[in-house]
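A short worksheet on the structure shown next.
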Amino acid sequence: MPTACKHAPHACRTYLEDELVRARERPKPREDLYNKMVEVDKEGPTAQEHAQRGVTKPRYMQWRESMSSSSTMGFRIDGIKKCDGTCRTDFKKTRSEQDVMEEFKGFVEGDVNFIKSYLTRLLAIQQALKTSEFFKQHEVIGSSLLFIHDHTGKAQVWIIDFGKTTALPEGHVLKHDVDWREGNREDGYLLGLQNLIRIMEVMSSQ
């Protein structure tokens, strides 16, 4: 029964800086991105974008982040699959802490023991990342945390999806716990992880 939380910096970025640069080089309004925006929020496009029925990719990328909890907590829920086979991916408007808590409660069906197990694992991941030389030397964008538990009571969390993980130039390191400003390559991974841990701590004490 997995769920994935995409990590983004507190300044909302789940895309590589190079992707933003490339998108700016060809700022052509796209109808497919306009349709995706309208599907989530009819008031999302500006009057000009409505008139041309198109939005540029840089505009869409930044709008998409602002609509999810990536913009407020540094992570978002991408999907939940349960043991009965049901699968959900409609989390575009899951933004507040309370929203996230409600989704996790539904995922574990109210079993706080799973939450406590997840919290233990997240704290271990946090400690490992803080001491990892690999982590310091790489920009980690679009990576996910996979949460899995089963009927035996076992629960685990795994870091997956490293397709956009990029090595830094020699001699450069990232802190992963400061806001992104274009050019600094900070991914805010630890900011998102800390917020997730804080939410789990609140849930485990309820």
Side-chain angles (χ1 to χ4, degrees), residues 1-23 57-58 60-81 87-92 94-95 97 99-100 103-104 107 115 117-149 155-169 172-201:
M1 295 183 286
T3 179
C5 295
K6 293 284 186 181
H7 278 270
H10 209 57
C12 356
R13 179 175 65 113
T14 55
Y15 46 82
L16 293 169
E17 287 192 11
D18 289 347
E19 290 182 281
L20 187 59
V21 171
R22 289 196 300 270
K57 189 172 182 181
Y60 176 77
M61 291 164 69
Q62 293 172 328
W63 167 84
R64 180 185 61 187
E65 300 295 2
S66 72
M67 290 301 293
S68 73
S69 59
S70 293
S71 63
T72 55
M73 288 178 282
F75 69 88
R76 69 173 182 257
I77 298 175
D78 266 8
I80 291 179
K81 186 175 182 180
C87 183
R88 286 182 54 208
T89 57
D90 54 332
F91 300 100
K92 292 183 177 67
T94 302
R95 302 185 65 183
E97 280 191 23
D99 291 338
V100 172
E103 295 300 344
F104 265 104
F107 176 55
I115 296 297
S117 294
Y118 284 146
L119 176 58
T120 298
R121 179 64 172 167
L122 290 173
L123 289 169
I125 289 174
Q126 181 187 51
Q127 184 59 34
L129 292 178
K130 285 182 176 180
T131 59
S132 169
E133 290 301 317
F134 177 92
F135 187 57
K136 293 176 184 177
Q137 297 168 7
H138 285 77
E139 179 183 3
V140 184
I141 293 293
S143 179
S144 301
L145 291 175
L146 180 67
F147 292 74
I148 302 177
H149 61 267
Q156 273 288 6
V157 184
W158 302 98
I159 305 176
I160 61 172
D161 298 337
F162 294 98
K164 292 184 179 180
T165 296
T166 307
L168 300 173
H172 290 250
V173 295
L174 295 181
K175 294 182 178 179
H176 300 283
D177 62 359
V178 298
D179 286 347
W180 172 59
R181 297 289 180 269
E182 192 166 345
N184 71 3
R185 298 187 66 170
E186 287 288 352
D187 54 30
Y189 197 105
L190 291 177
L191 289 176
L193 183 57
Q194 180 57 48
N195 281 328
L196 184 55
I197 286 172
R198 179 173 50 78
I199 288 173
M200 290 290 183
E201 286 174 338

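Note that the structure is a prediction, hence the values are computed from the model and not measured. Just the heavy atoms: all of them, side chains too, but no hydrogens, waters or symmetry mates, feed the values below.
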Test applied, side chain to side chain contact (heavy atoms under 4.5 Å, CB included); reference residue, F147; option that passes from I77, L122, I80: L122

Donor-acceptor pair, side chain of [X] and main chain of [Y], under 3.5 angstrom:
{"X": "H172", "Y": "L168", "answer": "no"}
{"X": "D187", "Y": "I141", "answer": "no"}
{"X": "S69", "Y": "F75", "answer": "yes"}
{"X": "S143", "Y": "V140", "answer": "no"}
{"X": "T166", "Y": "K164", "answer": "yes"}

Does [X] come within less than 4.0 Å of [Y], counting only side-chain N to carboxylate O?
{"X": "E103", "Y": "R88", "value": "yes"}
{"X": "R76", "Y": "D78", "value": "yes"}
{"X": "E133", "Y": "K136", "value": "yes"}

If you compare all heavy atoms of [X] against all heavy atoms of [Y], which two are closest, and at what distance to 0.1 Å?
{"X": "H138", "Y": "F134", "value": "ND1-O, 2.8 Å"}
{"X": "L174", "Y": "R185", "value": "CD1-O, 3.4 Å"}
{"X": "G79", "Y": "F91", "value": "CA-CE1, 3.7 Å"}
{"X": "L119", "Y": "M200", "value": "CD1-CB, 3.9 Å"}

Aromatic ring proximity, centroids under 6.0 angstrom, H149 and F107: yes

Measure the spacing between [atom1] of [X] and [atom2] of [Y] and express it to the nearest 0.5 Å.
{"X": "D99", "Y": "T94", "atom1": "CG", "atom2": "OG1", "value": "5.5 Å"}
{"X": "L191", "Y": "K175", "atom1": "CG", "atom2": "NZ", "value": "12.0 Å"}
{"X": "K81", "Y": "I148", "atom1": "NZ", "atom2": "CD1", "value": "11.0 Å"}

Any V100 side-chain heavy atom under 4.5 Å of E97 side chain: no

Sub-4.5 Å side-chain heavy-atom contact between Q194 and D177: no

From CA spacing to verdict: side-chain contact (heavy atoms from CB on, under 4.5 Å), E186, E139: CA-CA 7 Å; E186 287 288 352; E139 179 183 3; over 6 Å; no

Test log, rule side-chain contact (heavy atoms from CB on, under 4.5 Å), inputs W158 and L145: CA-CA 6 Å; W158 302 98; L145 291 175; over 6 Å; no

Test side-chain hydrogen bond (donor to acceptor under 3.5 Å, both in side chains) applied to Q127 - qualifying residues, sequence neighbours left out: none

Stepwise side-chain hydrogen bond (donor to acceptor under 3.5 Å, both in side chains) check, N184 with R181: CA-CA 6 Å; N184 71 3; R181 297 289 180 269; over 6 Å; no

Aromatic plane relationship, F135 with H176 - under 30° parallel, 30 to 60° tilted, over 60° perpendicular: parallel

